[in-house]
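These notes concern the structure reproduced below.
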Amino acid sequence: MTIESAEVLVSSPGRNFVTLRITTSDGVTGLGDATVNGRELSVVSYLKDHVVPLLVGLDEHRIEDTWQYLYRGAYWRRGPITMAAIAAVDTALWDIKAKIAGLPLYQLLGGRSREGLLCYGHASGADLPELFDSIRHHQAEGYRAIRVQTGIPGLPNVYGVASSANSATTAEGVTARYDHEPARPGSKPVEESWDTRAYIRHVPTVFEAVRNEFGPELPLLHDAHHRLTPIQAAKVGKSLEPYDLFWLEDVTPAENQAVLRRVREHTTTPLAIGEVFNTIHDYRELFEEQLIDYVRSPITHAGGVTGLRRIFDYASVYQIKSGVHGPTDVSPVGLAAAIHLGIAIPNFGIQEYMQHSAATHDVFQTDYTFEGGMLKPGEAAGLGVEYDDVAGAAHEYAPAYLPVNRLLDGSMHDW
Ligand code: GCO
Ligand code: MG
């Protein structure tokens with residue numbers, strides 16, 4: 001059998017998703033996620049113009065060889081667009097192989113190593129009362145680990161805080177605060193503001209209040225979203241030590257890896273990094289010097305199941321665990337693949353899970369479950385995700401951008 005066709009499907013059920021569907025000469029189909037938030041159409045072109053024509057006629061079982069062909073064969077290696085395209089092909093081929101085998105994908109990855117994947121959800125609030133409500137709401141949904149982000153006094157809008165635009169009123173008239181969804185529809189990015197000194201003063205007071213209210217047991221996480229210099233990061237890590245964080249994420253911009261040494265010298269707060277990394281090479285220094293504790297790359301942006309599995313095996317040599325990126329911009333296909341991989345690997349840490357909207361699940365029908373704070377793969381052969389073409393076509397692509405970030409004097413800063 002061979003690959004007969006591959007289609008690039010773009011749908012926007014509230015947010016944009018790019019999905020690759022590969023069909024074999026025997027009519028078996030496989031799905032892969034290629035969504036790069038705010039730059040979706042670049043991956044569409046990369047796939048349609050430069051990958052799909054190369055796939056037709058290949059043996060669908062040769063997953064590793066196809067990975068190498070697309071990675072080495074492009075000459076221009078790495079980068080989010082290339083690696084998302086490779087990820088989509090790789091995931092779709094694993095889906096096909098597992099369907100042909102008649103097994104859920106995790107069985108081909110070695111079978112279960114655990115009963116389920118511990119997840120964390122995103123609690124946020126403009127102030128402490130809103131934040132506490134949001135934490136309780138997540139606990140009521142079953143979450144046993146919680147990411148905490150809040151507004152900062154004096155700043156109108158900052159990363160990670162769900163706005164009223166993210167809220168919805170249920171049939172019972174209850175207003176639910178949904179997770180923070182940073183991409184906003186429109187032809188230009190919205191602007192957010194930032195003041196690092198105000199953040200550094202504020203963040204330990206938030207965690208002190210949360211610990212006083214919710215006690216010492218609840219695993220708490222926090223995302224600094226690439227905004228600090230090394231010495232500022234060291235200071236924040238140290239100031240949060242009394243509150244025993246599960247992790248502190250993306251303290252400094254990912255490009256400057258050597259500076260993590262300085263952060264490590266000053267704090268024992270565990271560090272998570274890598275949601276914008278694409279390959280195993282991006283982690284070399286961080287792993288070999290044991291500068292981080294959790295790997296954040298998702299299947300979608302790091303070369304698929306093949307790429308991410310290799311990263312996790314390398315991480316395991318250094319007692320570093322997985323902490324896969326799972327925002328709503330990783331589609332249900334990317335998430336399903338992460339669940340299959342996460343249930344199988346020996347060094348699973350935690351899985352981010354923001355929950356997709358009902359409209360998204362009309363397009364992507366999934367068989368994974370979320371119960372008692374744990375995600376579990378379903379038992380259908382393959383990934384366990386079906387793409388509904390009719391529902392998908394009902395939601396046309398609409399440009400949407402992640403925000404940009406400016407300091408109070410107007411200078412651009414890392415978002
Ligand atoms: C996270 C991330 C997201 C990203 C978003 C970008 O930890 O979940 O930081 O909030 O900013 O996924 O596309
Ligand atoms: Mg993050």
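Whatever order the structure lists them in is the order used to number ligands and atoms, beginning at 1.
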Say whether [X] and [Y], considering side chains only, have a donor N or O and an acceptor N or O under 3.5 Å apart.
X      : Y      : result
Thr269 : Trp247 : no
Thr35  : Asp329 : no
Tyr69  : Glu64  : no

For this session: Return the orientation label for the Trp415 and Tyr159 ring planes: parallel under 30°, perpendicular over 60°, tilted otherwise.
Result: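 The arrangement is perpendicular - the two ring planes meet at more than 60°.
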
Exercise. Parallel under 30°, tilted from 30 to 60°, perpendicular over 60°: which one fits the rings of His122 and Tyr120?
Worked result: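 If you compare the ring of His122 with that of Tyr120, the planes turn out parallel.
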
For this session: Answer with yes or no after comparing the ring centroid distance for Tyr283 and Phe277 against a 6.0 Å cut-off, counting only values under it.
Result: yes

Exercise. Does the ring centre of His356 sit less than 6.0 Å away from the ring centre of Phe364?
Worked result: no

For this session: Taking atom CD of Glu7 as the centre, report whether more than 12 heavy atoms of other residues, nucleotides or ligands fall under 6.0 Å from it.
Result: yes

For this session: Flag yes if more than 12 heavy atoms outside Arg39 fall under 6.0 Å of its CZ atom; otherwise flag no.
Result: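 No, CZ of Arg39 has 12 or fewer neighbouring heavy atoms, counting only those of other groups under 6.0 Å.
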
I need the atoms of ligand 1 closer than 4.0 Å to a non-hydrogen atom of [X], numbered in the order shown.
X      : value
Pro327 : 8 (O), 12 (O)
Arg296 : 1 (C), 7 (O), 8 (O)
Trp415 : 11 (O)

Exercise. Going through the checks in order, is the side chain to side chain contact (heavy atoms under 4.5 Å, CB included) test met by Met83 and His301?
Worked result: CA-CA 6 Å; Met83 297 311 290; His301 304 134; over 6 Å; no

Exercise. With a cut-off of 2.8 Å, does any N, O or S atom of Asp223 fall short of it relative to the Mg ion (ligand 2)?
Worked result: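 Yes, Asp223 qualifies, because one of its backbone or side-chain N, O or S atoms lies under 2.8 Å.
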
Exercise. How about Glu249: does one of its N, O or S atoms come closer than 2.8 Å to the Mg ion (ligand 2)?
Worked result: yes

Problem set entry | ligand 1 contact on Val330 by region, counting heavy-atom pairs under 4.0 Å | neither

Exercise. Of the choices His301, His122, Glu249, which has the non-hydrogen atom that lies closest to atom 7 (O) of ligand 1?
Worked result: Glu249

May I ask you to identify the nearest protein heavy atom to [atom], giving residue, atom name and distance to one decimal place in Å?
atom                    : result
atom 8 (O) of ligand 1  : Glu352 OE2, 2.5 Å
atom 3 (C) of ligand 1  : Tyr159 OH, 3.5 Å
atom 9 (O) of ligand 1  : Glu275 OE2, 2.8 Å
atom 5 (C) of ligand 1  : Asp329 OD1, 3.6 Å
atom 13 (O) of ligand 1 : Asn37 ND2, 2.9 Å

Exercise. Is any N or O atom of Tyr120, backbone or side chain, closer than 3.5 Å to an N or O atom of ligand 1?
Worked result: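 Such a contact does not occur with ligand 1.
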
For this session: Ignoring angles and geometry beyond distance, decide whether His225 reaches within less than 3.5 Å of ligand 1 through its nitrogen or oxygen atoms.
Result: yes

For this session: Identify, by name, the N, O or S atom of Glu275 lying closest to the Mg ion (ligand 2).
Result: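 Result: OE1.
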
